[in-house]
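Inspection log for the structure reproduced underneath, given as C-alpha cells.
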Amino acid sequence: MSRYVIEKEKLIENIELLKEKAGVPIIGVVKGNGYGFGIKEFTAVLKENGIKTFAVTEVSDIPELKEVLEDEDILVMRSTCVEEEAKIIAENGCIATIGSLEACRVMNEVSAKLGVKTKCHLKIDTGMGRYGFMTSEVDKAIECYKAENLEFTGAYTHFSSAFTNVALTKAQLVLFKDTVEQIKKAGYEVGTLHCANSPALLNAGGVSLDSVRLGSAFTGRVITQSKTGLNRLGRLEAEIVDIKTVPAGYSVGYNGSFKTKRETKIAIVPIGHYDGFGLAKDKEAITIRSILSVIKQFLLKKRICVNINGKDHPVIGDIGLSHTAVDITGTDIKCGDIASVDISPLMVNPRIERVYR
C-alpha cells in the first residue's frame, strides 16, 4: 500500500530555520490539505513547534483544524459574500478576511444575528487582482471600520511575483504601507500587518512587517533564487509487490508503448496516477529556467525513475492508474523492497496516508 512519508525531524529543522529567518511571528498556512502534508498532521507539528496562528482558504477546513487546535487563531484567507460561509467563520470564532463592501455587509449582518463580534483582517489588493480593496478604493476600505459587529485586528496583501520579481514585490509593499497610512490618518487602528509569503521571505529582504504567512517553505519545495538551507521533504513510497523476467522484444504497458531490447527483469510497484505519480511536473511557477530544464530533459531523453534501495531505476511502459513497471535488470532487488518517488505533496491524492517518521 502506498503512503506519503514526511521526515518529522527535518520538518522541525525547517520550522526553526524559518522562525529565525522571519524574526517575527509566523502564520502557518495549511491550505490545500496542509500543502499536501495532511492538514491535521501538519498543523499539529507546527503547533508543537511554536506556531500560534494558522490560515486556510476553505471554510470546510475549519472543523478539521478545530480537532487539533485549542485557543490558536484561524485566519480564513477568503473574502466571502456567501452568507453560509460567513456564518461558519463567525460561529467558529475565526478571523474573517474583508476585501469588499459586500463581504463587510454580509459578515456584519451574520455576526449581528449570531450575537458575536467577529475579528477581521482587511485585505488590500496591491496587484494580485483577486480578493481585496484596490489601493484607489481606500475610502471604501475605511467604511468597513464603521461596522458595529466587526473588530479589525489586522490587514494584509498578497505578493504576485515574489518567486522572480523582487522589484515588483517591494513596489507592492510600498503601496500597501501607503494605504495603511491613509487608514491610520482616518483615525483607525489596523492591527497586525502581514504581507510576506514563502517566496517573498526567501527572495526579498525587509518584507516581514509584524508577521509572515508561510506554507510551502516548510516543505522545502518553494521556488527561490538562491539556496535556502531548507530540507526538501516528502516522498511517495510502497513495497514492490511482484517481479518477473521477460524476453527481448516483449511489450510492456498499455498499447505496447515499450518494447524490451534485451531480457529484462521487471519490478511491479503499486504506485500510479491515482497516487499522483506522473501527473505533473514538480514546479510551482513557469520560469525560463524550468522551460530550459524541460527542453534539456527531452533532448537527453531523460526517463522517469523510481528509487529502490538507494538507486534510481527507469520506469518502462506507461504509468498506470495503480501500477508502474520498473526495469531492475542486473540487481538483487526482491519483493517487499521499498520503492519511492519524489513528487510534490500537492499532487498526491488526499486519500493516500501521510506518515510522519
Side-chain angles (χ1 to χ4, degrees), residues 11-12 14-80 85-86 88-99 103 107 111 116-124 131-132 150-159 162 173 176 180 189-202 207-219 222 230:
L11 173 56
I12 293 173
N14 284 356
I15 295 169
E16 293 305 316
L17 189 153
L18 290 166
K19 284 163 65 175
E20 183 178 351
K21 174 75 173 176
V24 295
I26 293 173
I27 298 172
V29 182
V30 293
K31 64 181 181 179
N33 192 28
Y35 275 83
F37 273 25
I39 187 167
K40 289 195 289 188
E41 301 92 333
F42 186 43
T43 298
V45 176
L46 294 178
K47 176 186 171 184
E48 290 167 6
N49 289 275
I51 307 301
K52 299 184 183 302
T53 303
F54 296 85
V56 292
T57 54
E58 302 295 327
V59 295
S60 57
D61 287 333
I62 294 172
E64 285 195 276
L65 280 182
K66 287 287 188 176
E67 291 182 31
V68 293
L69 298 179
E70 296 171 355
D71 300 324
E72 292 80 9
D73 287 328
I74 299 173
L75 168 65
V76 180
M77 300 185 299
R78 165 182 286 181
S79 177
T80 181
E85 290 192 341
I88 294 171
I89 293 168
E91 65 187 7
N92 279 282
C94 297
I95 301 170
T97 289
I98 301 298
M107 187 60 69
S111 299
V116 300
K117 195 159 189 175
T118 302
K119 290 182 179 180
C120 301
H121 282 198
L122 187 76
K123 181 67 181 289
I124 298 170
Y131 300 121
L150 304 183
E151 178 187 358
F152 283 86
T153 60
Y156 70 105
T157 192
H158 189 68
F159 295 134
L173 182 62
F176 176 74
V180 167
E189 289 296 324
V190 292
T192 300
L193 303 178
H194 50 101
C195 298
N197 52 6
S198 293
L201 177 67
L202 297 171
V207 294
S208 290
L209 300 185
D210 300 323
S211 188
V212 296
R213 304 185 306 273
L214 304 183
S216 60
F218 293 119
T219 74
V222 60
L230 294 169

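These numbers were taken from a predicted model, which means no experiment stands behind them. We use all heavy atoms of the structure for the numbers below, so side chains are in, but hydrogens, waters and symmetry mates are not.
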Give the C-alpha distance, both sets of side-chain angles, the deciding distance and a yes or no for side chain to side chain contact (heavy atoms under 4.5 Å, CB included) between F54 and V29.
CA-CA 6 Å; F54 296 85; V29 182; over 6 Å; no

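- Side chain of T43 to main chain of K40: no donor-acceptor pair is present (N/O by atom type, distance under 3.5 Å, no hydrogens or angles).
- Using modelled atom types, one side-chain atom of S198 and one backbone atom of G215 make a donor-acceptor pair closer than 3.5 Å.
- At least one donor-acceptor pair closer than 3.5 Å links the side chain of N197 to the backbone N or O of A200.
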Run the side chain to side chain contact (heavy atoms under 4.5 Å, CB included) check on L75 and M77 step by step: do they pass?
CA-CA 6 Å; L75 168 65; M77 300 185 299; 4.0 Å; yes

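- Closest approach of G50 and K19 over heavy atoms only: CA-NZ, 4.4 Å.
- Taken from CD in E41 to CD in E64, the straight-line distance is 8.5 Å, to the nearest 0.5 Å.
- Annotation: the span from D73 atom CG to T153 atom OG1 amounts to 7.5 Å, rounded to 0.5 Å.
- Minimum interatomic distance between L150 and C120 (heavy atoms only, all atoms of both residues): CD2-SG, 3.8 Å.
- Side-chain contact between I15 and L46 is present, with heavy atoms from C-beta onward closer than 4.5 Å.
- Checking side-chain atoms of R78 against main-chain N and O of T97 turns up no donor-acceptor pair under 3.5 Å.
- Looking at every heavy atom in both residues, A217 comes nearest to V222 through CA-CG1, 4.1 Å.
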Take H121 and I98 through the test side chain to side chain contact (heavy atoms under 4.5 Å, CB included) and record every step on the way to the result.
CA-CA 6 Å; H121 282 198; I98 301 298; over 6 Å; no

Dump the intermediate steps for side chain to side chain contact (heavy atoms under 4.5 Å, CB included) on L230 and L18, then the final yes or no.
CA-CA 9 Å; L230 294 169; L18 290 166; 3.9 Å; yes

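- For the atom pair OG1 of T192 and CG of L209, the computed distance is 10.5 Å after rounding to the nearest 0.5 Å.
- Across all non-hydrogen atoms, the minimal contact from G28 to I51 is N-CG2, 3.7 Å.
- Among residues two or more places apart in sequence or in another chain, the side chain to side chain contact (heavy atoms under 4.5 Å, CB included) test is passed with E70 by K47, E72.
- Of the possible donor and acceptor atoms, one in the side chain of D210 sits under 3.5 Å from a partner among the backbone N and O of L193.
- Across all their heavy atoms, S208 and V24 have their closest contact at CB-CG2, 3.9 Å.
- With N33 contributing its side chain and I39 its backbone, the two residues share a donor-acceptor pair below 3.5 Å.
- For NZ of K52, the number of neighbouring non-hydrogen atoms (other residues, nucleotides, ligands) closer than 6.0 Å is 12 at most.
- N14 contributes a side-chain N or O that, together with a main-chain N or O of F218, makes up a donor-acceptor pair within less than 3.5 Å.
- In summary, the side chains of Y156 and S211 do not present any donor paired with an acceptor at a separation below 3.5 Å, with no hydrogens or angles considered.
- For the pair R213 and C195, the tightest heavy-atom approach, listed with the atom from each and the gap, is NH2-O, 3.3 Å.
- Between L11 atom CG and N49 atom CG the span is 7.5 Å, to the nearest 0.5 Å.
- Atom NZ in K119 sits 13.0 Å away from atom OG in S111 (nearest 0.5 Å).
- Remark: the backbone N or O of I124 is paired with a side-chain donor or acceptor of T157 at under 3.5 angstrom.
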